[in-house]
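Please read the structure below before turning to the comments.
Quick caveat, the model's predicted, so the values are computed rather than measured. Labels below follow one simple rule: chain letters A, B, ... track the order of the sequence lines, proteins then strands, and each chain is numbered from 1.
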Amino acid sequence: MKYDFAAIEKKWQDKWEELKPYAAVTGSAKPKFYGLIEFPYPSAAGLHVGHPRPFTAIDIVARKKRMEGYNVLFPIGFDAFGLPTENFAIKNHIHPAIVTRQNIENFTRQLKMLGYSFDWDRCVDTTDPKYYKWTQWIFLQLFKNGMAYKTTMPINWCPSCKIGLANEEVVEGKCERCGSDVVRKEKSQWMLRITKYADRLIDDLDDLDFIERVKVQQKNWIGRSTGCEVSFKTNTPDDITVYTTRADTLFGVSYVVISPEHPLLDKWQEQIENRDEVQAYREAASRKSDFERGELNKDKTGVQLKGIEVINPANGEIVPMFVSDYVLMGYGTGIVMGVPGHDQRDWEFATKFGLPIIEVVSGGDITKEAFVAKDDSAIMVNSGFLNGMTVKEAIPAMKEYAVKQGWGREKVNYKLRDWVFTRQRYWGEPIPLVNCEKCGWVPLPESELPLVLPNVESYEPTDDGESPLSKMTDWVNTTCPCCGGPAKRETDTMPNWAGSNWYYLRYMDPHNDKEFVSKEAEEYWGPVDWYNGGMEHTTLHLLYSRFWHKFLYDIGAVHTKEPYAKRTSHGMILGRNPHYVGNVESEEEKQALIEKYGSQALRPAVKMSKSLGNVVNPDDVIKAYGADTMRVYIMFIGDFEKTATWSDEAVKGSKRFLDRCFNLMDIASESMEATPANEAIIHKTIKKVTEDIDQLKMNTAIAALMTMVNEFYAKGLSRGDLQYLILLLSPFAPHIAEEMWELTGFAAKTGRMAMQMDWPKYDEAKTVDAVREMAVQVNGKLRSTIQVATGADDETVIAAACADEKIKRQMEGMQLVKTIVVKNKLVNLILKPAK
RNA sequence: GCCGGUGUGGUGGAAUGGUAGACACCAGGGACUUAAAAUCCCUUGGGAGCGAUCCCGUACCGGUUCGAGUCCGGUCACCGGCACCA
């Protein structure tokens, strides 16, 4: 019989559609398991070959959990608001809602073709008013609890997308989406106070089962640093405050620097003698983007504030003050003390402006560069009462002194900024607030939610940076829910991250029109037991959604502190690089490639892209080899966490494996009983596959299944043996497994599908062969192998080793001084020349 | 610069401190076939030898150990994240 994958997959998908064997039951007495994959953005391009990697992996975990007796929630949905759809809509003159619907249909078709065990009845779509009603509701709770505020601030503006970007969306000074240079633009924006949660977002990581690199990346992003704020008196009525982590170096201060954006500079117009020069510098700085300022960091610039004097509180010395754009307004106090002896940036600045460089920590040569001690055991000098202390002792000593003197206090700072939560675009959730001249910003009554996105003629972004909604006067002009007077709606929309912040909660109770999730459902299903997603979301979606969840916890809307108990991350799927130097033979051709493509030519694999022509479409793979082959291959491709390169050749190996599985039915005896001869391989494989799935080591699990198949071919098998292969294979390749389960008569015998059977159990004692090959080493070098009964005692093993012909030769003229036996594995004989 | 990770055959990749290269892909040889595809069998880290065998080999240098791809110290290369964060 031939393995007709197309017919088999169609047959079983239809059956599952009808029987819904993956329905999750809220409140079931079984233990629950909530497995989650990041829901896709339904782009016009359709499913990418990268999607099936995480989807298949968690599908396998979910399928195994079901067979292990769990009540499994494995949902799917679509994160459908966002720029690409809007841009596609503008270009093709189709409404974004229609584009979205078409894309979702296409994604749904593709996902169903891959045989995922999603509970489709719980599918969510973030652009559905029934869904975003609750996104808006959560925003209102944030607003009412003081977590949302509006402020005018310079934002990252992408002139091409005509949109403001969050810090997280700016990569190397360029727009994450289109790659244009980001500029600064003053804009009134809604902000969310994520910084209020900074400590908890760091500290609560300790109790979570997240892969380490995710934890580290989130911690670095939040960037907590503990230091000290120090006040300096000046010859103006104002004191200034600097932030430092190195209070120990206070005696080394030779100047102070203020950021060009600092408001004190406006206030001090009168005292600053060279105000024109200072003003010119400030204007020049404002024209640079943050990125440009960073790029130019090699060459420090600045202007002294003539007429301004500052007093170092530690030693009473008078030091000059400068304005320089190497000081950021957004971090600390916007003013920094200059310690050129022990900070490289300050050293460069002081060198350029001829300022004194004072050594206060010994051990370096400060005439050459700033000395930043690698450990904190360096000794303080030129530092008054700190002299002779180590840096480690001096930091708290100075801190304590400063606090006692009243000009210092401990302070914790974060790199994390509040979250810019508005976008000047059409295709997003409307913000349910109105602005009333009398009452200010007023929330819509919850009964008026959802505030539906109005149908507009033109949803193109505007050149002035206002949202397209601002042109809809009918919609904008409304009445104040508070006083009934005239008011205007907020016309900005939410960022594309809004809907994905809480979707895992909606899956628990997707059709509830009374609450965003019922208490009962949330308490039953929460938290998500296993969440897999891309590393690129670590400081975006994953952090945002932890923040919202913590807020919801604080207002009593959810019962756990954290949304996700476990987080894993998959590596990307790359395509072959058509410009790789290894593709050509001659040196001239290689050189030509390097000249043309630079370092790109040195990489064998690169991100798939249309322009390189190396994109693999899952539809084509499924058509040629079937969904089961696609699933097996994408799991067999390599270590789940690492990037992997797609290979059309290697796909065939996975197809061959499934053919071999299927053809085992031709040689299996009809007995429904397992045969003793295959006992060891069956139990060994059950053990390996069971353990590997839980660790996402799908590649070695499949390798074990291949070994089992090879052994069945070599030794022969019964249907009773084959049933174990079918059950172990079923999470990986569910269609072929069901077909084989039926054809071998087990479906009729049990009245169940393979996926509904119990996961096979292994007996540790049966995982071992009766006789075993052991390595024999002489002085640590492998010299021979011997066949020994499993579990044989040391004496027997040593005797067998010494009786081996090869070993006998090694032992001639030598005496045995020591033996090391590793049970069932190896014996090492230590020999030395006989005297 | 800081933080994290990785380095194993022609390729993807396996190896709780215990037989390095499992399992595959590619390649070569053979069987079947009029032929091709598919399938099946064999070979396949490098080197020496007719052979039994022997030597070398997990980026590089050193250490711990009976034994190191694995642990420790140092070096190099690449990948990812952050970056004038005081």
Side-chain angles (χ1 to χ4, degrees), chain A residues 2 171-172 212-221 223-225 227 242-246 249 257 290-291 293-298 300 324-328 330-339 342-346 348-349 372 413-416 535-536 538-539 571-572 582 599 602-605 633 636-639 641-654 656-657 659-660 663 697 699-707 709-710 713 773-785 805-806 809 817-831:
Chain A
K2 198 178 167 320
V171 179
E172 290 188 345
E212 200 53 29
R213 56 195 174 129
V214 167
K215 289 188 182 186
V216 169
Q217 220 167 293
Q218 289 205 343
K219 277 182 194 167
N220 289 347
W221 183 259
R224 178 162 64 190
S225 94
V242 304
Y243 172 74
T244 180
T245 55
R246 293 293 304 276
T249 61
V257 210
D290 281 347
F291 183 67
R293 276 165 69 162
E295 273 296 273
L296 301 169
N297 80 57
K298 274 87 214 166
K300 296 278 181 290
S324 173
D325 65 5
Y326 84 89
V327 177
L328 307 174
Y331 186 78
T333 62
I335 310 177
V336 166
M337 63 186 205
V339 185
H342 306 285
D343 181 293
Q344 189 56 26
R345 296 155 300 182
D346 297 346
E348 285 161 16
F349 189 83
V372 185
N413 264 322
Y414 306 89
K415 290 187 197 171
L416 186 69
M535 280 307 288
E536 71 275 18
T538 302
T539 55
M572 243 195 314
S599 62
L602 301 173
R603 297 163 189 237
Y633 173 62
F636 190 59
I637 197 166
D639 186 332
E641 288 202 3
K642 291 194 193 133
T643 52
T645 308
W646 182 271
S647 159
D648 284 324
E649 291 302 327
V651 179
K652 291 178 193 159
S654 296
R656 200 169 295 153
F657 164 62
D659 278 329
R660 281 167 65 78
N663 293 335
K697 289 166 77 174
N699 53 338
T700 48
I702 292 166
L705 291 173
M706 288 171 168
T707 304
V709 169
N710 291 344
Y713 272 104
E773 187 179 65
M774 281 180 72
V776 183
Q777 294 183 340
V778 174
N779 294 334
K781 279 198 156 193
L782 180 71
R783 292 299 175 187
S784 185
T785 57
E805 283 304 320
K806 288 178 199 168
R809 277 202 298 278
V817 292
K818 192 178 173 186
T819 58
I820 293 140
V821 179
V822 180
K823 209 160 183 69
N824 294 334
K825 287 225 164 122
L826 156 153
V827 52
N828 190 4
L829 308 175
I830 311 304
L831 303 182

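Checking B/U19, B/C23, B/C56 against every side-chain atom of A/K781, the shortest atom distance belongs to B/C56. Nearest nucleotide to the A/N828 side chain, out of B/G81, B/C84, B/G67: B/G67. Counting only heavy atoms from C-beta on, A/R656 has its side chain closest to B/C26 among B/C54, B/C23, B/C26. Across B/A14, B/G18, B/U19, the shortest atom-to-atom separation from the side chain of A/D639 is found for B/A14.
Checking B/U53 for Watson-Crick or G-U wobble geometry (two distances, each under 3.5 Å) identifies B/A48 as its partner. Nucleotide B/C23: paired with B/G12 (Watson-Crick or G-U wobble, both distances less than 3.5 Å). B/G18: Watson-Crick or G-U partner is B/C66, with both key distances under 3.5 Å.
When side chains are defined from C-beta on, A/V372 does not count as touching A/Q344, because their heavy atoms never get closer than 4.5 Å.
In B/G9 the base sits syn relative to the sugar, since the glycosidic angle is no further than 90° from 0.
Once rounded to the nearest 0.5 Å, the distance linking CE of A/M535 with CZ of A/R213 reads 4.5 Å.
Put simply, A/T643 has no side-chain N or O that comes within less than 4.0 Å of OP1 or OP2 on B/G80. Close to B/A22, at under 4.0 Å from its OP1 or OP2, lies no side-chain N or O of A/N710. Look at A/R660 and you won't find any side-chain N or O under 4.0 angstrom from OP1 or OP2 of B/A38. The phosphate of B/C78 (OP1 or OP2) has no side-chain N or O of A/K642 nearer than 4.0 angstrom. Taking 4.0 angstrom as the limit, A/R246 places none of its side-chain polar atoms (N or O) nearer than this to OP1 or OP2 of B/A86. Look at A/R603 and you'll find a side-chain N or O under 4.0 angstrom from OP1 or OP2 of B/C79. The side chain of A/N699 contributes an N or O atom lying less than 4.0 Å from OP1 or OP2 of B/A14. Phosphate proximity of B/U19 to A/K825: absent, as no side-chain N or O sits under 4.0 Å from OP1 or OP2. In terms of phosphate contacts, A/Y326 brings no side-chain nitrogen or oxygen within less than 4.0 Å of OP1 or OP2 of B/A86.
For the pair A/I637 CD1 and B/G13 C1', the interatomic distance rounds to 11 Å; values are reported in whole Å. Regarding A/D648, its CG atom lies at a distance of 16 Å from the P atom of B/G12, rounded to whole Å. Rounded to a whole Å, the NZ atom of A/K2 is 16 Å from the P atom of B/A37. Protein atom CG of A/L782 is 5 Å distant from nucleotide atom P of B/A20, rounded to whole Å. Per the geometry, CZ belonging to A/R809 stands 7 Å off P belonging to B/U53, to the nearest Å. If you measure from atom NZ of A/K415 to atom C1' of B/C84, you get 11 Å, rounded to the nearest angstrom. Rounded to an integer number of Å, the gap from CG of A/L602 to P of B/C78 is 10 Å.
Counting non-hydrogen atoms under 4.0 angstrom, A/S647 reaches nothing in the nucleic acid. Note on A/E212: nothing from the nucleic acid sits closer than 4.0 angstrom, heavy atoms only.
Atom name P, nucleotides B/U65 and B/G10: the rounded distance is 34 Å, in whole Å. Spacing of C1' atoms, B/G7 relative to B/U75, comes out at 14 Å, to the nearest Å.
Between A/Y633 and A/W646, the two ring planes are perpendicular [angle over 60°; tilted spans 30° to 60°].
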